[in-house]
Undergrad: 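Okay, here's the structure, questions in a sec.
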Amino acid sequence: MTTAPHWFMLTVVGKDRPAIVARITAALYDGGCNLGEASMTRLGGNFTVMLMVQYAGNTAALENTSAPVCESLGLKLHVDKIEGQLHRHPEADVHIRVFGADRAGIVAQVTTVLADAGLDILDLQSDVAGTEDKPIYIMQIEGRALQGVAALESAVQILDGKGIEVQLEPIDLMLG
Amino acid sequence: MLQILTYPDERLERISQPVEHFDDELRNFIVDLEATMRAGPGGVGIAAPQTGRLQRIVIVDVSSKPKIRHHGRLVLINPEIITWEGHVLGREGCMSVPDYTGNVVRAERITLEARDESGALLRHELEGYEARAVQHEIDHLDGLLFLDRLVSRRNDLFRRKHYQKTADA
Ligand SMILES: [Zn+2]
């Protein structure tokens, strides 16, 4: 069945192997989908895909379009109809780095203090590096300082130095 | 007001020609070019080819940014970068590439020679944000967009900034 094109979010997760992106996107293209913004990354040996897909059909039809390729690759698939729009990027005005010995609660502690100081997170990437007996946690955040950069700088001062390093720098966008 | 060309307009990828006549027609164009730059929200620079005029003319004015060294309004005709020093990663966007920003490596300090709108030769030492703006605009004269120089957004953006802190317990 065909309806007016609508945006969906496709979530695909599974064991990483070569050509996952090529095979999924080829199947979607052949199925009449238009692709939008995407985030695809490897997390702990899994490959994860979050992909905006524009499709002139309902959720079940899009699942049918994408399920065979996902099954053949051993990937889990999830489809949601979303209210989505392109060309609406808010600009980040701060970049925050966090690193230190990995320990329980580090993400919650840092993001709670920053949220209270007005941070709207637009992008967060974190890794556990180091070794199994000495893991290091590293996080990079970009976001908007809704209460101003000074409020976030104060928050960073509270967090910084107690076994973790937290550093903030404004992003000075040059638009030309 | 001039119309800003947007990617993938092929004129943005052409090499612009040097200005030879420093006349009223040129000065009138520069007035229009500057008005176009100032009409774009947040725009601190513009290059003539962004408006379809394939001549080596650039305007930069970063004086609206707080706490940086700058030279005010710069009209740079036939600009040449004479020296480069250092390099730094920063975030750029472009009026010719709407709704996208990315990280680009630029020289931290440059020495620049250019003519002004009367044809007089100028020499400037620029640094930081202002040097970045000039390098971005001169790229337009050579048919390059910041998209040609993107590095991963996963890269850490910033120069090391050392925070004094007490020793961990
Ligand atoms: Zn530009």
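Just so it is clear, the values below take in all heavy atoms, side chains as well, and ignore hydrogens, waters and symmetry mates. Chain letters run A, B, ... following the sequence lines, proteins first, then strands; residues in each count from 1.
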Undergrad: In terms of heavy-atom proximity below 4.5 Å to chain A, should B/E137 be classed as side chain, backbone, both, or neither?
TA: side chain
Undergrad: Hey, what do you get for CG (A/D93) to CZ (B/R91), rounding to the nearest 0.5 Å?
TA: 10.5 Å
Undergrad: Is the number of heavy atoms from other residues, nucleotides or ligands under 6.0 Å of A/E37 CD greater than 12?
TA: yes
Undergrad: Within a 6.0 Å radius of atom CD on B/E10, are there more than 12 heavy atoms belonging to other residues, nucleotides or ligands?
TA: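 Buried by this count: over 12 neighbours within 6.0 Å.
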Undergrad: Considering only heavy atoms, which portion of B/P41 lies under 4.5 Å from any heavy atom of chain A: side chain, backbone, both, or neither?
TA: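 For B/P41, backbone heavy atoms alone lie under 4.5 Å from chain A.
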Undergrad: Give the minimum heavy-atom separation between B/E92 and A/L173, together with the two atoms involved.
TA: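 Heavy atoms of B/E92 and A/L173 come nearest at C-CD1, 3.6 Å.
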Undergrad: Which atom names give the shortest non-hydrogen contact between B/D99 and A/H87, and what distance separates them?
TA: OD2-CA, 2.8 Å
Undergrad: Assigning hydrophobic clusters by single linkage (Ile, Leu, Val, Met, Phe, Trp, Tyr; side-chain heavy-atom cutoff under 4.5 Å), is A/L122 placed with A/I96?
TA: no
Undergrad: Any non-hydrogen side-chain atom of B/Q135 less than 4.5 Å from a side-chain atom of A/M174?
TA: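 No, side chains not in contact.
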Undergrad: Could you check whether any side-chain heavy atom of A/E91 comes within less than 4.5 Å of a side-chain heavy atom of B/T101, counting everything from C-beta outward?
TA: yes
Undergrad: If you draw a 6.0 Å radius around CZ in B/R69, do more than 12 non-hydrogen atoms from other residues or ligands fall strictly inside?
TA: no
Undergrad: Give the cluster check for B/F146 versus B/V134: same hydrophobic cluster or not, with ILVMFWY residues linked at side-chain heavy-atom distances below 4.5 Å.
TA: no
Undergrad: Return yes when atom CD of B/E80 has more than 12 non-hydrogen atoms of other residues, nucleotides or ligands closer than 6.0 Å, and no otherwise.
TA: no
Undergrad: Would you give the length of the straight line joining atom CG of A/L175 to atom CE of B/M95, rounded to the nearest 0.5 angstrom?
TA: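 These two atoms lie 6.0 Å from each other.
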